[in-house]
Amino acid sequence: MKKVLKMLLPALIAIPLLASCGSKKEQEEPGATVVTMYLRNFEEWSNNYMNSRVSEFNSNMTDGIQLRVKFFEDEAYTDAYKVAKEQGQAPDIFMCSYGNIFNDLVETGDAVQLEGLIKQEYLDDIKDNVKDMMTYRGHLWSYPQLTEPSTLFYYSKSALARANVTVPEDGKLTWDWLYDACAKVKPTLKRAQYCVGIPIGSAAGWATYGMQYNLTNGLAISEDWKQCLVTADSGYKDLCEFWQKLYINGYVPQGAVSPKGSYNDIIEALTMNKLAMTFGGSWSIAEIMHTYPEKASDIGVAVIPTKSGDTSKVTASNGGWTYAISSQSDTAHREAAAKVIEWFFAESAERTAGYFQAAYYSKAAATKSVANYISEHVTPSMKEWVDVIDGVASKAIPEAIYPWSIACAVTNMLETVALNPEAPIINAINACYSSISEIINSPDFPKKPE
């Protein structure tokens, strides 16, 4: 599951990828309450897993619930939901990312609070750091499936071995280690091969939230959303210098090197030997195992290099998906929808853990019971990856919920220092400060959500 940017497209293209949970007609329970559920189209393995679980749920002919699911392409999901809502036919269950819970569920009134619908024991089972990302005005508005850290570090063991680069056994990678590794790797590369991949384009703004926090103990604006914190005497200067050094020395490509062109798919370039190392989201592990399994033994996973190498600090932000119950649903459908959510994500740790197994543990469990189950049952060969992801996720900050324009200002700053190495870094920092300050002081800038 990858980070999805919300896009408003004409309703005419809001066509479901799949009209139902499968092509085979399922037997339906007579008189059952029909619960509708909208899902996003993700990787094939993820869709197949969800389809199999839907069929399993519907195989029970005595629970009084029939689940009907529609999958939508990323770009069409928002419009499909919007059209259904405007027609008074919003799905009983729909997805929402952590960063959009306030704007898309709470402020709009589209979702109902879960207290009183979901059993309290299941609400109490949600990890504390996950619950913090989902609680507004004292209530929970959706139930979490997973968290996925935005930034991990992947490397080709064979590429580093050819350059006589060793990875510290304690996994504590510093920027100095990365600079040294790049200097040794670069002479071993051929044309169109690069030392390391980093977030570019819009990803430079959101995939670096953890890096920003690691350096500054905050993000681009203050906690009360009233002041810009991108200044020459902040950690943003260090981040700019790091970015610029990678570009000046030719360690990173000037543009995208993965076939699909985005940070979400950057792991492709590593598996195709276009990169020796790369930053990438935790979801990259599932991509490796499902699409490039022959490369798995050659790829190492670690916490990203940081200035100090301290792995106890924040290094990523947590993204992921949650499931809300529509405020348009009547009482019977709300109660049935709650039972569906409980069955999928809360009732059985073993059943819920099946998703993480299918994902090759590229996501972190959102509940304590599932995390404990995975810890006890994960295979030794996967334990190293599980430990890295869980460790990063446990310390990760929520994705920023301030206006997207602020993340774009940070992106512009990093791109400026990368593409204009002769220009003083202070110029890019000052320009970012001015841009963000103007955004904050505009009349339509929102207040920080409660």
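The basis for the numbers below is simple: all heavy atoms, side chains too, and nothing from hydrogens, waters or symmetry mates.
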(message) Within the structure provided, determine whether Glu115 and His139 are in side-chain contact (heavy-atom separation under 4.5 Å).
(response) yes

(request) Taking atom CD of Glu44 as the centre, report whether more than 12 heavy atoms of other residues, nucleotides or ligands fall under 6.0 Å from it. (result) no

(message) Under 6.0 Å from the ring centre and within 45 degrees of the ring axis: does the NZ or CZ of Lys245 meet both conditions for the six-membered ring of Tyr179?
(response) yes

(request) State, yes or no, whether a side-chain contact exists between Trp225 and Pro446 at a heavy-atom distance under 4.5 Å. (result) yes

(request) Decide yes or no for Ile325 and Ile341: does some side-chain heavy atom of the first lie under 4.5 Å from some side-chain heavy atom of the second? (result) yes

(message) For Arg351, is there an ion pair with Glu347 - N to carboxylate O distance below 4.0 angstrom?
(response) yes

(message) What I want to check is whether the side chains of Ser282 and Ser362 have a donor and an acceptor closer together than 3.5 Å.
(response) no

(message) Under a plain distance cut-off of 3.5 Å, with no hydrogens placed, do Asn372 and Ser369 share a side-chain donor-acceptor pair?
(response) no

(request) Check the surroundings of atom CD in Glu107: do more than 12 heavy atoms from other residues, nucleotides or ligands lie under 6.0 Å from it? (result) yes

(request) Please determine if Lys448 and Asp224 form a salt bridge, counting it only when a charged side-chain N lies under 4.0 Å from a carboxylate O. (result) no

(message) Over 60° means perpendicular and under 30° means parallel, so tell me whether Tyr77 and Tyr38 are parallel, tilted or perpendicular.
(response) perpendicular

(message) Does Lys368 have more than 12 heavy atoms from other residues, nucleotides or ligands lying within 6.0 Å of its NZ?
(response) yes

(message) Can you confirm whether Ile285 sits close enough to Tyr154 that some side-chain heavy atom of one is under 4.5 Å from a side-chain heavy atom of the other?
(response) yes

(request) Please say whether more than 12 non-hydrogen atoms of neighbouring residues, nucleotides or ligands are located less than 6.0 Å from NZ in Lys395. (result) yes

(message) Just by distance, no angles: are the side chains of Ser312 and Asp310 close enough, under 3.5 Å, to form a donor-acceptor pair?
(response) yes

(request) Flag the pair Phe94 / Tyr323 as yes when their ring centroid distance falls below 6.0 Å, and as no otherwise. (result) no

(message) Please list all pairs meeting side-chain hydrogen bond (donor to acceptor under 3.5 Å, both in side chains) that have one or both residues in residues 227-237, counting only residues at least two apart or in different chains.
(response) Gln212-Tyr236, Thr231-Asp233, Lys237-Glu241

(message) Under a 3.5 Å threshold, yes or no: a donor from one side chain and an acceptor from the other, between Asn47 and Glu43?
(response) no

(message) Before we go on, tell me: are the rings of Tyr355 and Tyr49 under 6.0 Å apart, centre to centre?
(response) yes

(request) Find out whether Leu146 and Phe356 are in side-chain contact, i.e. whether some heavy atom of one side chain is under 4.5 Å from a heavy atom of the other. (result) yes

(request) Salt-bridge test for Asp110 and Lys85: reply yes if a basic N is under 4.0 Å from a carboxylate O, no otherwise. (result) yes

(request) Using atom types as modelled and distance alone, determine if a side-chain donor or acceptor of Glu148 lies under 3.5 Å from a backbone N or O of Gly319. (result) no

(request) Only counting residues at least two apart or in another chain, list the ones meeting side-chain hydrogen bond (donor to acceptor under 3.5 Å, both in side chains) with Asp180. (result) Lys184

(message) I'd like to know if the side chain of Ser284 reaches the main chain of Gly281, judged simply by a donor and an acceptor atom lying under 3.5 Å from each other, with no hydrogens or angles considered.
(response) yes

(message) Looking at Lys295 and Glu287, is any side-chain nitrogen of the basic one under 4.0 Å from a carboxylate oxygen of the acidic one?
(response) no

(request) Verify the neighbour count for atom NZ of Lys313: are there more than 12 heavy atoms of other residues, nucleotides or ligands below 6.0 Å? (result) yes

(request) Answer yes or no: is there a donor N or O on one side and an acceptor on the other, between the side chain of Thr271 and the main chain of Glu268, under 3.5 Å? (result) yes

(message) Quiz question: by atom type and distance under 3.5 Å, do the side chains of Ser97 and Asn100 form a donor-acceptor pair?
(response) yes

(request) Side-chain contact test, heavy atoms from C-beta onward, threshold under 4.5 Å: evaluate it for Thr322 versus Ile101 and give yes or no. (result) yes

(message) Taking the side chain as everything from C-beta on, heavy atoms only, tell me whether Tyr194 gets closer than 4.5 Å to Leu246.
(response) no

(request) Answer yes if the side chains of Asp92 and Thr36 hold a donor-acceptor pair under 3.5 Å, and no otherwise. (result) yes

(request) For atom CD of Glu121, decide whether the heavy atoms of other residues, nucleotides or ligands shown that lie under 6.0 angstrom number more than 12. (result) yes

(request) Please confirm whether Trp385 and Tyr360 have ring centers closer than 6.0 angstrom. (result) no

(message) Can you tell me how the ring of Trp175 sits relative to the ring of Phe242, calling it parallel under 30°, perpendicular over 60° and tilted otherwise?
(response) parallel

